[in-house]
Amino acid sequence: MVYPELLARVHRRLAEEWGIATTAADHRAFGGSVGEWPAFSDSAAALAYLKQCYTLVILSNVDRASFVQSQKRLGVAFDAVYTAEDIGSYKPDLRNFRTMIDGLQRSGHPAGDILHTAQSLFHDHAPANAVGLRSAWIDRRGGTAAAGATPPPPAGVRWDFRFSSMAELVEVHRAELRG
């Protein structure tokens, strides 16, 4: 199921559960809203900087059309894009990570060169651990125990680097380059 359809279904179920009157048009509007979701304020500048040094790849739970809209907000051309629509499953399914790794290896990027950078411990870091990828946690919640809308991660999830934002990741990278 492509992401807009999944979101529409979730919207309908939540409205029913909460006793809120909605229409099919409301569900479709929510399902189609991904392209309107704002990027984090530091993402575009951080990605533009990182693009100068690295191959940038997206592994996303959205569909291609939604990602095209999100990419406009990010303002950078990614070297590869892997979506749930392309792969046929959603993160944290290991197929998503294996598909990305296989594609990157075919283009000359061994798994050992990949640094999976993401916020979700459940959707990103736990499966990255399972497939042997190094990872950088963008801990935008500042280490609070709250997982937001995300299920809690499995015990033992780990990361190689931890930053409070993409901007902090860039600051650390710049400092490393300066020596």
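In this chain, residues are counted from 1 in sequence order.
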Identify every side-chain donor-acceptor pair in residues 48-58 under 3.5 Å, counting partners at least two apart or on other chains, and give the distances.
unit_1, atom_1, unit_2, atom_2, d
Y49, OH, H173, ND1, 2.6
K51, NZ, A77, O, 3.0
K51, NZ, D79, OD1, 2.9
K51, NZ, D79, OD2, 3.0
Y54, OH, H173, NE2, 2.9

Suppose the criterion is salt bridge (charged side-chain N to carboxylate O under 4.0 Å, His left out): which pairs have a residue in residues 166-179, not counting sequence neighbours? none
What distance do D86 atom CG and S60 atom OG have between them, rounded to the nearest 0.5 Å? 9.5 Å
Whether Q69 side chain and V34 backbone form a donor-acceptor pair below 3.5 Å: no
Verify same cluster id: Y82, V131 (apolar side-chain graph, 4.5 Å): yes
Within residues 13-23 or reaching into it, pairs that qualify as salt bridge (charged side-chain N to carboxylate O under 4.0 Å, His left out) - sequence neighbours excluded: R12-E16
Please evaluate residues T22 and H27 with respect to the criterion side chain to side chain donor-acceptor pair (under 3.5 Å), reporting the C-alpha separation (whole Å), side-chain torsions for both, the decisive distance (0.1 Å), and the verdict. CA-CA 8 Å; T22 57; H27 307 316; 3.2 Å; yes
Measure from the side-chain N and O atoms of D160 to the backbone N and O of A136, and report whether any donor-acceptor pair falls under 3.5 Å. no
Hey, quick one: are V81 and V68 part of the same hydrophobic cluster, counting side-chain heavy atoms closer than 4.5 Å, chains of contacts allowed? no
Is there side-chain contact between L133 and M100, with at least one heavy-atom pair below 4.5 Å? yes
Do S70 and V62 come within less than 4.5 Å of each other through their side chains, counting heavy atoms only? no
Starting from the C-alpha separation in whole Å, work towards a yes-or-no answer on side chain to side chain contact (heavy atoms under 4.5 Å, CB included) for M166 and T117. CA-CA 9 Å; M166 291 292 290; T117 304; 4.1 Å; yes
Mind jotting down which residue pairs meet the salt bridge (charged side-chain N to carboxylate O under 4.0 Å, His left out) criterion with at least one end in residues 24-49? Sequence neighbours excluded, please. D42-R140
Pair listing, side-chain hydrogen bond (donor to acceptor under 3.5 Å, both in side chains) test, anchored in residues 98-116, at least two apart: H116-D124
Has K91 got a side-chain atom pairing as donor or acceptor with P127's backbone, closer than 3.5 angstrom? no
Heavy-atom closest contact (A111 atom, I101 atom, distance): CB-CG2, 4.0 Å
Mark yes when over 12 heavy atoms from residues, nucleotides or ligands other than R9 sit less than 6.0 Å from its CZ; otherwise mark no. no
Does W37 share a hydrophobic cluster with L14, counting links as ILVMFWY side-chain heavy atoms below 4.5 Å and allowing steps through other members? yes
Under 3.5 Å, is there a donor-acceptor pair between the S164 and D139 side chains? no
Are L115 and L74 grouped together when hydrophobic residues (ILVMFWY) are joined by side-chain heavy atoms under 4.5 angstrom apart? yes
Answer yes or no: is there a donor N or O on one side and an acceptor on the other, between the side chain of N96 and the main chain of I87, under 3.5 Å? no
Does F67 have its ring centroid less than 6.0 Å away from the ring centroid of F78? yes
Out of curiosity, I114 CD1 to S135 OG, how far, rounded to the nearest 0.5 Å? 12.0 Å
Are L169 and V76 linked, directly or through intermediate hydrophobic residues, by side-chain heavy-atom contacts shorter than 4.5 Å (ILVMFWY only)? yes
Is the shortest heavy-atom distance from the side chain of P151 to the side chain of H123 under 4.5 Å? yes
Which atoms form the tightest heavy-atom contact between D63 and P4, and what is the distance? OD1-CD, 3.0 Å
Got a sec, which pairs hit ring-ring contact (aromatic ring centres under 6.0 Å, His included) with one end in residues 149-168, sequence neighbours left out? W137-W159
Roughly how far, to the nearest 0.5 Å, is CE of M1 from CG of L6? 6.0 Å
